[in-house]
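Below you'll find the structure, written out as structure tokens, and then a few comments.
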2 protein chains.
Amino acid sequence: MPQTKKIRIDTDQTGQNTVHAPMSAINLNTLKVACSHCNLRELCLPIELTNQELTKLDALVGAGRKIKRGQSLYRSGNPFEAIYAVRTGFFKTDVLLEDGREQVTGFQMAGEIIGLDGICSEVHTCNAIALEDSEVCVIPFAMLEQLQTEIRALQHHIHKVLSREIVRDQSVMMLLGTMRAEERLATFLLNLSQRFAARGYSATEFHLRMTRDEIGSYLGLKLETVSRALSHFHEGGLINVQQKHIRIHDLEGIRKLLSRQASP
Amino acid sequence: MPQTKKIRIDTDQTGQNTVHAPMSAINLNTLKVACSHCNLRELCLPIELTNQELTKLDALVGAGRKIKRGQSLYRSGNPFEAIYAVRTGFFKTDVLLEDGREQVTGFQMAGEIIGLDGICSEVHTCNAIALEDSEVCVIPFAMLEQLQTEIRALQHHIHKVLSREIVRDQSVMMLLGTMRAEERLATFLLNLSQRFAARGYSATEFHLRMTRDEIGSYLGLKLETVSRALSHFHEGGLINVQQKHIRIHDLEGIRKLLSRQASP
DNA sequence: CGCGGGTTTGATAACTTTCAACCTACGTGG
DNA sequence: CCACGTAGGTTGAAAGTTATCAAACCCGCG
């Protein structure tokens, strides 16, 4: 586990703000980013804005940050100062209990927002770790709140983003609370498939960025169970698995695994 | 299951808004409520506001609504128009899948907010059902958003409320993903205890408003497992159980159940 | 070329569910 | 005011699912 030494940095050229950043910030670059030209905008910020409003937003999200694989964007306990939009790469968020228990609470890909957990207590309550070399937009939250008072649509959008996360969590609770191993894995694969598709990648062939252990943690299963379930899908001709490379042969067949009577 | 016939009502005397309300609204009363004099304000709205700001808020939250035990405040699919603050009583929220699976996603008591799930899609994604005769404050969301542009502190507070829900969901995911039956129940009891205490009730003696089945659904367990775990706690001298009446004898002993090595 | 992290697979154990019977409390109606 | 019906709760035994432990395997990388 990387320790949480902190360094202090300026986020961008406008000198708008400073943030505490964990160790991984050593690899920070001041990337030139701009919402106005971002091809992820439909995913990240699907609202109508005037040019003037977009300009203000560009100024706010002036800085980017690179995170190397295995390093953390923030860690539990770090002061909350910004939320992040994934530009490229892949993250996981996880929570650790004192006794060593770990729970992966989500996987985030391009266009998704990380860090919302920190708002309520001004401190992050989970770790966000890059599963591959990644880049994020840094969105200083205090400034975002200020901008919202000027841009109503933005305010409503933030609410939606927060609410969407709550709804997503509900379905994870449903998964963990009522499904058995193979159903959980099927749900997981379908979800990944759909998210890749939404980004223009193949819905049926992709690379898993996370280990079996991380999948298991997310799904409330042991890694052996994940492995067995994948093998079983493979035997059934539903998918092809080679290490982290997944090819789905029978999307419909996987969906069928989910329509059963309850059980936990 | 109550059906979802709808009736249209005016929420209050100022004619500010109308809401669609499910069947249970038949029992609606226009209650005189006011944040400025509410003794739940510390829980619900713990922020500094000027008298003028409070007056505006009072106008917004002008109407209340009574929900009889077993009836729903809203149901999945209902259009989202307001969030609700529990004034008195006790609610559960649950999600139903087509195949009959049900998952209780939370229990809400006085001072807590319900309905945040609806923001992201303009439609509620879960059912909110009263477990005893209850009253809620109806807070039309569009108007709340408007008021936020005038009151910065309110804006930030809404963000915190939404974020707090996300953090709460994280810990439920931790519970469902990593704990075994008795740990889950212990966590549940401690959580209830703490929330009752925060409202001035006894931390060690209280009445469960929900059935074993509902507890089980929330904890991802079958009702028999919940019953057995309670009996086991009882045998161990940790608690006293008589139907829905719980008396905790050894709060510390229950806490100790949680410090163990991981397992699922 | 060998090492090590990650993965697969098998056998066994542990936990939770399932099924079933029985019990308890509460509200309704005679 | 009491009897009875019913929803909710408890308990036991058996079955099923997943975890645990252990060994072997695969693959990329230094």
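Lettering of chains follows the sequences in order, A, B, ..., and the numbering in each one begins at 1.
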message: Using heavy-atom distances to pick each residue's nearest nucleotide on DNA chain C, tell me which of A:Val241 and B:Leu223 is more 5'.
response: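 First, find each residue's nearest nucleotide; the 5'-ward one identifies A:Val241.
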query: Run the side-chain contact (heavy atoms from CB on, under 4.5 Å) check on B:Glu214 and B:Phe107 step by step: do they pass?
result: CA-CA 10 Å; B:Glu214 287 162 336; B:Phe107 298 106; 4.3 Å; yes
Nearest whole Å is fine: how far is [N] [atom2] from [X] [atom1]?
X	N	atom1	atom2	answer
B:Gln243	D:dA7	CD	C1'	11 Å
A:Arg69	D:dG28	CZ	C1'	11 Å
B:Leu221	C:dA14	CG	C1'	15 Å
A:Asn240	C:dT8	CG	P	12 Å
B:His245	C:dC26	NE2	P	12 Å
B:Arg180	C:dT16	CZ	C1'	10 Å
A:Ile246	C:dT7	CD1	P	11 Å
A:Phe233	C:dT9	CZ	C1'	17 Å

query: Between A:Glu182 and A:Glu224, who's closer to the 5' end of DNA chain D by nearest nucleotide?
result: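 The residue whose closest nucleotide sits nearer the 5' end is A:Glu182.
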field: B:Arg228 vs B:Asp213, nearer the 5' end of DNA chain D by closest nucleotide
entry: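 Its nearest nucleotide being more 5', the pick is B:Asp213.
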Measure from the side chain of [X], starting at C-beta and using heavy atoms only, and say which of [options] lies closest.
X	options	result
A:Ala181	D:dT18, D:dG8, D:dT10	D:dT18
B:Lys244	C:dT16, D:dG8, C:dT18	D:dG8
B:Thr225	C:dC19, C:dT16, C:dT7	C:dT16
B:Arg212	C:dT8, D:dG9, D:dT17	D:dG9
A:Ser231	C:dT8, C:dC15, D:dT11	C:dT8

message: Any side-chain N or O of B:Lys222 below 4.0 angstrom from OP1/OP2 of C:dT18?
response: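 For B:Lys222, the contact criterion (side-chain N or O under 4.0 Å from OP1 or OP2 of C:dT18) is met.
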message: Check the phosphate of C:dT9 against A:Ser227, side-chain N and O only, distance under 4.0 Å to OP1 or OP2. Yes or no?
response: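 No, outside the criterion.
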field: Distance-only donor-acceptor test (3.5 Å): side chain A:Gln242, base D:dC26
entry: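 Such a pair does not exist between side chain and base.
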A:Lys244 with A:Glu132: basic N within carboxylate O range, under 4.0 Å: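 No salt bridge links A:Lys244 with A:Glu132.
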message: Strictly below 4.0 Å, N to O, side chains only: are A:Arg164 and A:Glu112 in salt-bridge contact?
response: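 No.
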message: Within the 4.5 Å heavy-atom criterion, are A:Leu97 and B:Met179 side-chain neighbours or not?
response: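 Of all side-chain heavy-atom pairs linking B:Met179 with A:Leu97, at least one is under 4.5 Å.
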query: Could you state the interatomic distance from CE (B:Met210) to CD1 (B:Ile215), rounded to the nearest 0.5 Å?
result: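 It comes to 5.5 Å.
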- prompt: Under 4.0 angstrom, heavy atoms only, what part of the nucleic acid is B:Leu230 near: base, sugar-phosphate, or nothing?
  reply: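 Result for B:Leu230 = nothing.
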